[in-house]
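All remarks here apply to the structure that follows.
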Amino acid sequence: RERLGVRDRPLGALDAVALLFEIHTTAPGRLGGTHFLSPDGFFPLGVKLLRDLEELRMAAVRAEDLAGADHWTEETVPAETRSRLQSLSFFYEEFYARLRAAGFSTQASRFRAVVESLDRTLFPDADRFLLAGFFVLTKTETALLKTMLGWDETELLLLEGAGLESVFEALGVPPPERAAGGEGAEAGPRISFTRSPDGHGQIFALNKALEETLNGRRRVSERQVIVLPAAETL
């Protein structure tokens with residue numbers, strides 16, 4: 001909204017399902033035939049349908065790719081599956097078209113809009129970008145990261161573990177060189193975990209851990225962080 005000047009209003013899940021129900025009642029080949037014709041009956045199907053449509057949108061799937069089920073044969077795709085894909089194609093195209101026409105957006109459509117318009121000049125007041133929290137990347141997320149990693153000021157933070165190579169491969173960047181072990185190697189952060197039964201226990205454990213630091217002359221280092229397992233305990 002601030003950088004791109006987009007004024008679409010976010011559409012909540014309930015309103016999105018209501019829009020899908022409106023499309024469903026006018027669809028040429030309704031899902032479930034004569035079933036799901038009441039709002040209550042359609043609601044569980046609508047919630048699942050919305051989730052599927054948003055995942056397809058994030059994966060940058062085109063409506064024509066789904067509509068291509070018309071050309072698949074019975075040997076490659078069963079008739080029932082072809083019918084469902086064709087219905088999904090209708091919903092996919094109709095839902096996002098009506099969404100745009102009414103001036104609304106969903107999380108996936110906003111993400112797509114950002115990726116398609118993202119440019120370094122949108123952030124003249126920022127001198128550093130840190131990207132973190134990604135795991136399995138959708139096609140749209142991959143496009144976003146690729147764009148931002150092309151900027152000199154961007155850093156991507158990833159936790160070392162299984163599947164990391166596939167992330168680098170998707171982004172088209174070489175894995176970073178690992179520091180050699182032994183003397184002279186850069187030391188990693190010192191991490192300690194403290195277990196407690198509840199939020200009150202965390203407070204007592206934290207007081208105990210900081211007792212020596214707070215009672216002594218040493219001040220707490222700005223390079224130390226305390227990470228809580230849940231935001232509401234802050």
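No hydrogens, no waters, no symmetry mates; every other heavy atom, side chains included, goes into these values.
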Rounded to the nearest 0.5 Å, what's the gap from [atom1] on [X] to [atom2] on [Y]? Could you check?
{"X": "Leu20", "Y": "Glu22", "atom1": "CG", "atom2": "CD", "result": "10.0 Å"}
{"X": "Arg98", "Y": "Leu11", "atom1": "CZ", "atom2": "CG", "result": "13.0 Å"}
{"X": "Ile203", "Y": "Leu228", "atom1": "CD1", "atom2": "CG", "result": "7.5 Å"}
{"X": "Leu171", "Y": "Met148", "atom1": "CG", "atom2": "CE", "result": "12.5 Å"}
{"X": "Leu53", "Y": "Ser109", "atom1": "CG", "atom2": "OG", "result": "11.5 Å"}
{"X": "Lys146", "Y": "Leu137", "atom1": "NZ", "atom2": "CG", "result": "10.5 Å"}

message = Check the orientation of His24 and Phe91. Use parallel for under 30°, tilted for 30 to 60°, and perpendicular for over 60°.
response =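 Parallel, since the angle between the ring planes stays under 30°.
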request  = Taking atom types as modelled, find out whether Thr121 and Asp119 have a side-chain donor-acceptor pair closer than 3.5 angstrom.
outcome  =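 Yes, Asp119 and Thr121 have a side-chain donor paired with an acceptor closer than 3.5 Å.
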inquiry  = Ring of Tyr96, cation from Arg57 - is the NZ or CZ under 6.0 Å from the centre and inside 45° of the axis?
reply    =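 Ring-cation test returns yes.
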I need the minimum non-hydrogen distance between [X] and [Y], along with the two atoms involved.
{"X": "Ala60", "Y": "Lys139", "value": "CB-CD, 3.9 Å"}
{"X": "Ala170", "Y": "Thr142", "value": "O-CG2, 3.5 Å"}
{"X": "Arg1", "Y": "Asp8", "value": "NH1-O, 3.6 Å"}
{"X": "Tyr92", "Y": "Arg62", "value": "CE2-C, 3.9 Å"}
{"X": "Phe42", "Y": "Val17", "value": "CE2-O, 3.7 Å"}
{"X": "Leu158", "Y": "Phe134", "value": "CD2-O, 4.3 Å"}

key: From CA spacing to verdict: side-chain hydrogen bond (donor to acceptor under 3.5 Å, both in side chains), Arg110, Ser105   = CA-CA 6 Å; Arg110 288 192 296 276; Ser105 63; 3.1 Å; yes
request  = State whether the number of non-hydrogen atoms from other residues, nucleotides or ligands found under 6.0 Å of Glu94 atom CD is greater than 12.
outcome  =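 Correct, the count exceeds 12.
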message = So for atom CD, which belongs to Gln107, do other residues, nucleotides or ligands contribute more than 12 heavy atoms lying within a distance under 6.0 Å?
response =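 It does not: Gln107 CD has 12 such atoms or fewer within range.
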request  = Show your working on ring pair (Phe, Tyr, Trp, His ring centres under 6.0 Å) between Phe123 and Phe129 and close with a plain yes or no.
outcome  = CA-CA 10 Å; Phe123 309 97; Phe129 302 92; 5.5 Å; yes
Strictly distance-based, threshold 3.5 Å: is any side-chain N or O of [X] a donor or acceptor partner for the main-chain N or O of [Y]?
{"X": "Thr154", "Y": "Leu149", "value": "no"}
{"X": "Ser166", "Y": "Gly163", "value": "yes"}
{"X": "Glu54", "Y": "Arg51", "value": "no"}

ask   = Taking C-beta and beyond as the side chain, do Thr106 and Phe95 meet within less than 4.5 Å on heavy atoms?
value =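 Of all side-chain heavy-atom pairs linking Phe95 with Thr106, at least one is under 4.5 Å.
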message = Checking Ala132 now: which residues fulfil side-chain contact (heavy atoms from CB on, under 4.5 Å) with it, not counting sequence neighbours?
response =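 For Ala132, the residues satisfying side-chain contact (heavy atoms from CB on, under 4.5 Å) (neighbours in sequence not counted) are Leu157.
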inquiry  = Please list all pairs meeting salt bridge (charged side-chain N to carboxylate O under 4.0 Å, His left out) that have one or both residues in residues 122-136, counting only residues at least two apart or in different chains.
reply    =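 Salt bridge (charged side-chain N to carboxylate O under 4.0 Å, His left out) check on residues 122-136 returns Arg3-Asp125, Arg128-Glu155.
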